[in-house]
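Numbered from 1 within each chain, the chains take letters A, B, ... in sequence-line order.
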Protein chains: 2
Amino acid sequence: MVRAGLTPDRLVRAGAELADEVGFDQVTVSALARRFDVKVASLYSHLRNSRDLKTRIALLALEELADRAADALAGRAGKDALTAFANVYRDYAREHPGRYTAARHPLDPEAAAASAGGRHAQMTRAILRGYDLSEPDETHAVRLLGSVFHGYVSLESAGGFRHSAPDSQESWDRVLDALDALLRAWPRP
Amino acid sequence: MVRAGLTPDRLVRAGAELADEVGFDQVTVSALARRFDVKVASLYSHLRNSRDLKTRIALLALEELADRAADALAGRAGKDALTAFANVYRDYAREHPGRYTAARHPLDPEAAAASAGGRHAQMTRAILRGYDLSEPDETHAVRLLGSVFHGYVSLESAGGFRHSAPDSQESWDRVLDALDALLRAWPRP
DNA sequence: GAACGTACCTAATAGCTTTAGGCAAATTCC
DNA sequence: GGAATTTGCCTAAAGCTATTAGGTACGTTC
């Protein structure tokens, strides 16, 4: 019999594709085995278990997102950087809904520490350097931006804005305008 | 044999409690049957299937949230209303994490139409009446507020702000200050 | 007290997860 | 090049969840 050439990496990548096709929740070890035309038990030499698979897909998604964000930020500052960064999240969620869901998957502390989460936070801080905030306001703003981006993208992809006017794109643009204005005139206590 | 007295309502309520205890994802027809000390098949006279159970828990959570929000808004306006409303979401998520997750569960169009989703949107608009926005800006602001509240609460309960200073409570207060300031000085295009 | 409806049960099928142990292909070593 | 070893994928099996079909006995109604 010809070997399938399974590796943890190929499995995780295929798992990410599967997530985009059928949804992250539907990613199962069984479905992945079917995709490689291999028996289920064979995957357990490469993956600890089902949770391990999902964690690795989450880590992959976080890395991909951070890479895209880093590209988008290169050479930009101020509102330009803010917009480019925000669009990375929104576009990624649209192109890769399963991966985006994976990126929001709760990670245990070790996985979280090894994740690209820190890069995301650092990039957000880099954007805020274009505005005039100092600690602890910068941290509050980091949290606000994370909340808005995640919240908007998640509500939008759940269909929340689909059946009402105006267009979601218009709201997105205006929300980014508003955030820019807010960061320029951040209220001091 | 003594009958257990199952009804759809009791099952859904128990399912909501179960969600808060073990997480919404772990809510299964089997676990619910165990909780009533009844065979699994018995539940299928009261629930269509597992998805039906989860949908009903989601609808329950949305109603509870809307009820709390309506109470909180009574007699308030302006920033006072904004803060009270926002705290309803945050407090509910802390007290009832499983139900809160359920409330964010994707609903099919019929379920969504029958849900308290419309009440939530109307209440958000009521708050914005305390600020000077007119369409389409009011809708953009509705979407922004929904995004921030959902995003913040979801990142916070995923532990996102747990291991860094300053305290999440402080950021929450400052984020609400910032939103209030933003709504009072909403940028026109 | 008989007849009926219904609440819960047994039984069975099917899918996903995970572990244990086996064979054969690939790799290493002489 | 062939033997020894490693390792990749397999079969088998047990346990859990979901769901359906059909049966029994409880509670209600007349």
>> Suppose the criterion is side chain to side chain donor-acceptor pair (under 3.5 Å): which pairs have a residue in residues 6-24 of chain B, not counting sequence neighbours?
In response: B/Asp9-B/Arg13, B/Asp20-B/His96, B/Asp20-B/Arg99, B/Glu21-B/Arg35

> How many Å lie between CZ on A/Arg34 and C1' on C/dG15, as a whole number?
Replying inline: 8 Å

>> Using a 4.5 Å cut-off between side-chain heavy atoms of Ile, Leu, Val, Met, Phe, Trp and Tyr, which other residues end up in the same hydrophobic cluster as B/Leu59?
In response: B/Leu62, B/Leu107

> Members other than A/Phe36 in its cluster, when Ile, Leu, Val, Met, Phe, Trp, Tyr link by side-chain heavy atoms under 4.5 Å?
Replying inline: A/Leu6, A/Leu11, A/Val12, A/Leu18, A/Val22, A/Phe24, A/Val27, A/Val29, A/Leu32, A/Val38, A/Val40, A/Leu43, A/Tyr44, A/Leu47, A/Leu53, A/Ile57, A/Leu60

> Can you list, by residue number, the residues of residues 52-61 of chain B that have a non-hydrogen atom closer than 4.0 angstrom to DNA chain D?
Replying inline: none

> Do the side-chain N or O atoms of A/Ser42 get closer than 4.0 angstrom to the phosphate oxygens (OP1, OP2) of D/dC10?
Replying inline: yes

> Rounded to the Å, how far apart are A/Gln26 CD and C/dT17 P?
Replying inline: 11 Å

>> Using whole Å, what does the distance between atom C1' of nucleotide C/dG15 and atom NZ of A/Lys39 come to?
In response: 14 Å

> Residues two or more places apart in sequence or in another chain: which of them pass side chain to side chain donor-acceptor pair (under 3.5 Å) with A/Ser164?
Replying inline: B/Arg143

>> Suppose the criterion is side chain to side chain donor-acceptor pair (under 3.5 Å): which pairs have a residue in residues 127-137 of chain B, not counting sequence neighbours?
In response: A/Arg174-B/Asp137, B/Arg125-B/Glu135, B/Tyr131-B/Asp180, B/Glu135-B/Thr139, B/Asp137-B/Trp186

>> Under the rule for ring pair (Phe, Tyr, Trp, His ring centres under 6.0 Å), what residues qualify as partners of A/His120, not counting sequence neighbours?
In response: A/Tyr89

> Any salt bridge (charged side-chain N to carboxylate O under 4.0 Å, His left out) pairs touching residues 68-88 of chain B, not counting sequence neighbours?
Replying inline: B/Arg68-B/Glu95, B/Arg76-B/Asp80, B/Lys79-B/Asp177

> Got a sec? Which of residues 6-22 of chain A come in under 4.0 Å of DNA chain D, heavy atoms?
Replying inline: A/Leu6

> Quick one: is B/His46 getting a side-chain N or O under 4.0 Å of the C/dT6 phosphate, OP1 or OP2?
Replying inline: no

Between the protein and nucleotides 18-20 of chain D, which nitrogen or oxygen pairs come in under 3.5 angstrom?
residue, atom, partner, partner atom, Å
D/dA18, OP2, B/Val29, N, 3.1
D/dA18, OP2, B/Ser30, N, 3.0
D/dA18, OP2, B/Ser30, OG, 3.1
D/dT19, OP2, B/Tyr44, OH, 2.9
D/dT19, OP2, B/Ser50, N, 2.8

> Taking atom P of D/dC9 as reference, at what distance in whole Å does atom CG of A/Leu47 sit?
Replying inline: 12 Å

> Where the side chain of B/Ser42 meets the backbone of B/Lys39, is there a donor-acceptor pair that is under 3.5 Å apart?
Replying inline: yes

> Got a sec, which residues hit side chain to side chain donor-acceptor pair (under 3.5 Å) with A/Asp173, two or more places apart in sequence or on another chain?
Replying inline: A/Gln169

> Sequence neighbours excluded, which residues qualify as ring pair (Phe, Tyr, Trp, His ring centres under 6.0 Å) partners of A/Phe149?
Replying inline: none

>> Could you check whether any side-chain heavy atom of A/Pro166 comes within less than 4.5 Å of a side-chain heavy atom of B/His140, counting everything from C-beta outward?
In response: yes

